Number of protein chains: 2
Amino acid sequence: MDAIDLSLVELLRGNARLSYAELARQVGLSAPAVHERVGKLESSGVIRAYRAEVEPESVGLAVTALIGIVEDSTADTDDVLEAFRRMPEIESCYFMAGVESFLLKARVGTIAELEQLIVRLNRTPGVASTRTGIALSTKWENRPQPIESSAS
Amino acid sequence: MDAIDLSLVELLRGNARLSYAELARQVGLSAPAVHERVGKLESSGVIRAYRAEVEPESVGLAVTALIGIVEDSTADTDDVLEAFRRMPEIESCYFMAGVESFLLKARVGTIAELEQLIVRLNRTPGVASTRTGIALSTKWENRPQPIESSAS
DNA sequence: CACTCTCCGTGGATGCGATCGACCTGAGCC
DNA sequence: GGCTCAGGTCGATCGCATCCACGGAGAGTG
């Protein structure tokens with residue numbers, strides 16, 4: 001991870017569909033050199049995936065909710081996680097410090113579907129309680145932040 | 001937005017670097033047809049961006065926090081938003097129902113930087129109080145969910 | 001110092017993909 | 001029927017991705 005790798009990561013965070021030739025121009029190397037560097041960034045796990053960012057409403061996901069989860073005393077955290085993993089509505093899952101062990105971000109089409117999701121969450125073994133907040137609007141999400149030069 | 005558009009969106013959510021030729025093979029159209037459809041999806045705002053998803057630690061962002069914001073009675077929500085927008089650490093910003101008007105997801109390098117961010121947030125005009133939860137680990141994030149056939 | 005090994009690059013060649021323009025076809029409408 | 005338009009296909013051209021052979025800088029070693 002030198003300065004050029006950081007530039008490549010930053011460029012691809014801004015636009016994942018840039019061609020290798022274009023990346024090469026931006027960082028001042030040849031296209032094959034860039035190709036190899038990006039390949040290494042991918043296989044070393046620095047770059048995890050390339051994703052199109054989609055307006056959720058236009059694919060029928062109008063409701064966004066953030067849900068805190070309190071585990072009960074019998075909970076096996078791995079089992080709880082596995083149960084969450086099987087619920088496709090849960091887009092993100094953070095393991096938190098504090099009373100609420102997890103914070104989930106879920107997207108569903110309707111409030112009725114959200115209700116069903118919450119019921120399922122509360123029925124999940126190991127879950128003591130849930131606390132749901134509804135997002136009225138998403139001002140922005142996953143905004144890439146400029147990278148400073150300090151990494152492994 | 002017909003079924004083919006939905007397939008294209010889903011394919012690109014899974015891998016934003018697929019070539020038009022490959023997309024064309026997957027959906028059973030010619031490459032120019034796919035090119036035109038994707039272009040329309042982009043300009044109509046369904047596809048907002050293409051982003052590389054990066055392991056945060058490897059770009060020096062080891063600390064993730066979720067911060068609830070309570071506005072005070074004098075707050076102008078637009079001004080508060082604008083102030084948040086100028087803080088690059090804030091990756092996502094949701095406007096919420098409930099006592100806490102906003103929920104922010106922030107990423108910083110160190111706990112000390114998080115402390116500074118929280119101080120800045122509390123000093124922001126219109127902000128009455130903040131409540132911060134620290135993510136010990138991110139189990140997953142922005143997982144694309146399979147699309148059902150029902151959209152505009 | 002000179003040798004060598006390795007890493008990381010460059011340049012050239014080649015086949016595939018992006019992209020443009022010409023043309024085709026079916027639906028809706030007068 | 002005949003027009004028009006949206007949305008395809010096909011073919012051609014050019015740029016890009018990708019493979020390969022080669023070269024130079026720096027570290028370790030006699």
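Computed from a predicted structure; not experimentally measured. Below, chains carry the letters A, B, ... as their sequence lines are ordered, and counting in each starts from 1.
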Next item on the list: Please tell me which of the listed nucleotides, C:dG17, C:dT10, C:dT19, lies nearest to the side chain of B:Arg25?
Entry: C:dG17

Check: Under the 3.5 angstrom rule, does the side chain of A:Trp140 hit a backbone N or O of B:Ile90 as a donor-acceptor pair?
Finding: yes

Next item on the list: State which of C:dG12, D:dA17, D:dG11 makes the closest approach to the side chain of A:Pro32.
Entry: C:dG12

Item checked: Listed partners of B:Glu71 passing side-chain hydrogen bond (donor to acceptor under 3.5 Å, both in side chains), at least two apart -> B:Thr77, B:Ser101

Checklist line | Any B:Met1 side-chain heavy atom under 4.5 Å of B:Leu41 side chain | finding: yes

Checklist line | Rounded distance in Å - CG (B:Asp2) to C1' (D:dG8) | finding: 13 Å

Check: Counting side-chain heavy atoms from CB outward, which of C:dT19, C:dC8, D:dG7 is closest to B:Lys40?
Finding: D:dG7

Next item on the list: State which of C:dG9, D:dT9, D:dA17 makes the closest approach to the side chain of B:Ala33.
Entry: D:dT9

Next item on the list: For B:Arg17, answer base if it contacts any base atom (sugar-phosphate contacts may also be present), sugar-phosphate if it contacts only those atoms, and nothing otherwise; contact means non-hydrogen atoms under 4.0 Å.
Entry: nothing

Margin query: Using ring centroids (six-membered ring only for Trp), state whether A:Phe102 and A:Phe95 fall under 6.0 Å.
Written below: yes

Note to self: Return whichever of A:Glu22 or B:Arg37 has its heavy-atom-nearest nucleotide of DNA chain D closer to the 5' end.
What the structure shows: B:Arg37

Next item on the list: Could you state the atom-to-atom distance from NE2 of A:His35 to P of D:dC19 in whole Å?
Entry: 6 Å

